[in-house]
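When reading the values below, keep in mind they use all heavy atoms of this one structure, side chains included, and skip hydrogens, waters and symmetry mates.
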Amino acid sequence: MSKTCYHCGEDVPANTNFNVEILGADREMCCPGCESVAQTIVDSGLVSYYQYRTAPAEKADLVPEQLRALIHYDNEDVQAEFVRNHEDTKEVTLSLEGVSCAACAWLIEKRMSVEPGVVSIRVNTTTNRALLKWDKTATQLSQLLSSIHTLGYKAAPFEADKQEAAYHATMKQYLYRLGIAGLATMQVMMLAVALYLEVFGNLEPEFKSYFRWVSLIFATPVLLYSALPFYINAWRSIKGRTLGMDVPVSIALIFAYVASLVATVTEQGEVFFESISMFTFFLLIGRYLEMRARRKAAAASGNLLKLIPAIANKLNGEQVPVKSLQIGDQIKVLPGEHIPADGVVLNGRIHIDESMLTGESLPVVKGKDDFVYAGTLNGDEAFDLEVRSTKADSMISSIVRLQDEAQMSKPKIAEIADIVARYFVAIILVIAAGTWFFWHQTEPDDAFWIMLSVLVATCPCALSLATPTAITCSSSRMGTLGILSRRGHVFETLCKVNHLVVDKTGTLTHGDIEIARTLLLVNNLKKSS
């Protein structure tokens, strides 16, 4: 018998745990929204509402639709595609939105590691993925995803197609922000030439004021729209009681804009609208290029999953999604088709191209009861296959998972960079405050602008982004060469290697037979004739 929500009367989904103590008993709720409203009613001393009400309340809509949809991830059938089951734990690879630096990863790892039931979580800032392992008897996946959402980041099980769509949407937004910042920078710089170099001679006060107001109009969209990602990241850092690299950037932009706005209104002092626009523009260019590099690196491992077809053909001719295949299902693999799932051959003598797994270019002969792997390529003969593992547990999924684990295990140099970056931001803020105090005693008019220069010039973007990006791009490059790293420390130890032992000559060649030399035997032909 299904249970109903004590607050709104709707059915309570299975595998959820939302409840509030009302009138001396624990009452079950259907969603976090009803739980939040009910708890607020109780905390406000209005619990008598539940005694005298004549009908259930309307469903609370305090939680976004995305958070309510997270409950569906607790369904065992839904989890079968992306969750790996162990004895007492479960493991999933998550796609994250909003992670921009090492401080974001540190915040998620620090907050989630104290959540009940979480065994471990590791975040890769370059690929925007996280490897989460939790105790399935202590908590639900939806609750853990909801906890990540409350930090200001979006999380969902990793799916190559969905992540690619999210990436394109994000890049489109960045191009819009970059375009506005670039156009505004060009216009404001033209006006700045007139203001600072006074190419038109001594400007009349009316023209000088006019140029300032026009510069203000162009710089305002840059500050409010183009620079919005910096403010969001800074707020997340402050909310999580940490200091990210966007904190000094946001402070510098806002302070410079406010000071220039006051100077424009009062017609006293200098304005730096062109500095605001240029700083935002160049920072966005850096972020855009960095995101493209991260995307290219992340796609290297994710593209392996695209070798698995989306549709499989059952023996009765029915076409079914590959993700719905279960162990024991029997399917037909057509000639020239990528094999949809790991399994055993039921009939025939076939040739399978396993170069994506072994590096050997020559096809491997397979017969009845031989094992074949998802993603490998069938030859010229159709055959029947019995599925022996789901898509999540297939060999190719394991390879992708091992690559992700290698990228998420941070080398010593990356850990040092993360630690230094966190403390570096705090030191920057202290130095900026000290700079203002010192110059305020000697040159009060310049103290504020010198302090802003310190905040802008000492932004630790390179320190926070360069190390993880370089490591991931190196892993991606090795992957294109057919070399897969199992541990993150490989780059630190590789420089100490002086001997290399290879057990297969085929892995060192392309395997493509080509004509190297042509000999024309004309004389022999004449003698024979």
Taking [X] for the side chain and [Y] for the main chain, is one N or O donor matched with an acceptor at less than 3.5 Å?
X    : Y    : result
T376 : V372 : no
R388 : I327 : no
S226 : R177 : yes
T185 : A181 : yes
N378 : L334 : yes

Could you check whether any side-chain heavy atom of [X] comes within less than 4.5 Å of a side-chain heavy atom of [Y], counting everything from C-beta outward?
X    : Y    : result
Y6   : L23  : yes
P340 : V333 : yes
F371 : D342 : yes
I339 : I352 : yes
N19  : R27  : no
V118 : L144 : yes
I396 : Y373 : no
W235 : S250 : no

Within this structure, what is the [atom1]-[atom2] distance for the pair [X] and [Y], rounded to the nearest 0.5 Å?
X    : Y    : atom1 : atom2 : answer
K90  : T139 : NZ    : OG1   : 11.0 Å
I121 : S147 : CD1   : OG    : 10.0 Å
L141 : L132 : CG    : CG    : 7.0 Å
K314 : D329 : NZ    : CG    : 4.5 Å
I251 : M451 : CD1   : CE    : 8.5 Å
L178 : Q173 : CG    : CD    : 12.5 Å

Of the non-hydrogen atoms in [X] and [Y], which two are nearest, and what is the gap between them?
X    : Y    : value
S389 : V387 : O-CG1, 3.3 Å
A130 : L96  : CB-CD1, 3.8 Å
F218 : A184 : O-CB, 3.5 Å
A341 : L385 : O-CD2, 3.5 Å
I180 : P221 : CG2-CB, 4.2 Å
V12  : C5   : CG2-N, 3.6 Å

Should the heavy atoms of other residues, nucleotides or ligands under 6.0 Å from CZ of F255 be counted, would the total exceed 12?
no
Could you tell me whether the side chains of S113 and E109 share a donor-acceptor contact shorter than 3.5 Å?
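No, because no side-chain N or O of S113 sits under 3.5 Å from a partner of the opposite role on E109.
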Test item: side-chain donor near acceptor, Y257 and T220, under 3.5 Å
yes
For side-chain contact (heavy atoms from CB on, under 4.5 Å), just list the numbers for L94 and I148, CA-CA rounded to whole Å, side-chain angles, deciding distance to a tenth of an Å, and then say yes or no.
CA-CA 11 Å; L94 301 175; I148 297 177; 4.1 Å; yes
Criterion side-chain contact (heavy atoms from CB on, under 4.5 Å) on I311 and V320, from CA distance to verdict
CA-CA 6 Å; I311 302 296; V320 296; over 6 Å; no
Across all chains, not counting sequence neighbours, the salt bridge (charged side-chain N to carboxylate O under 4.0 Å, His left out) partners of E337 are none
Trace of the side-chain contact (heavy atoms from CB on, under 4.5 Å) decision for V222 with F281:
CA-CA 9 Å; V222 176; F281 177 64; over 6 Å; no
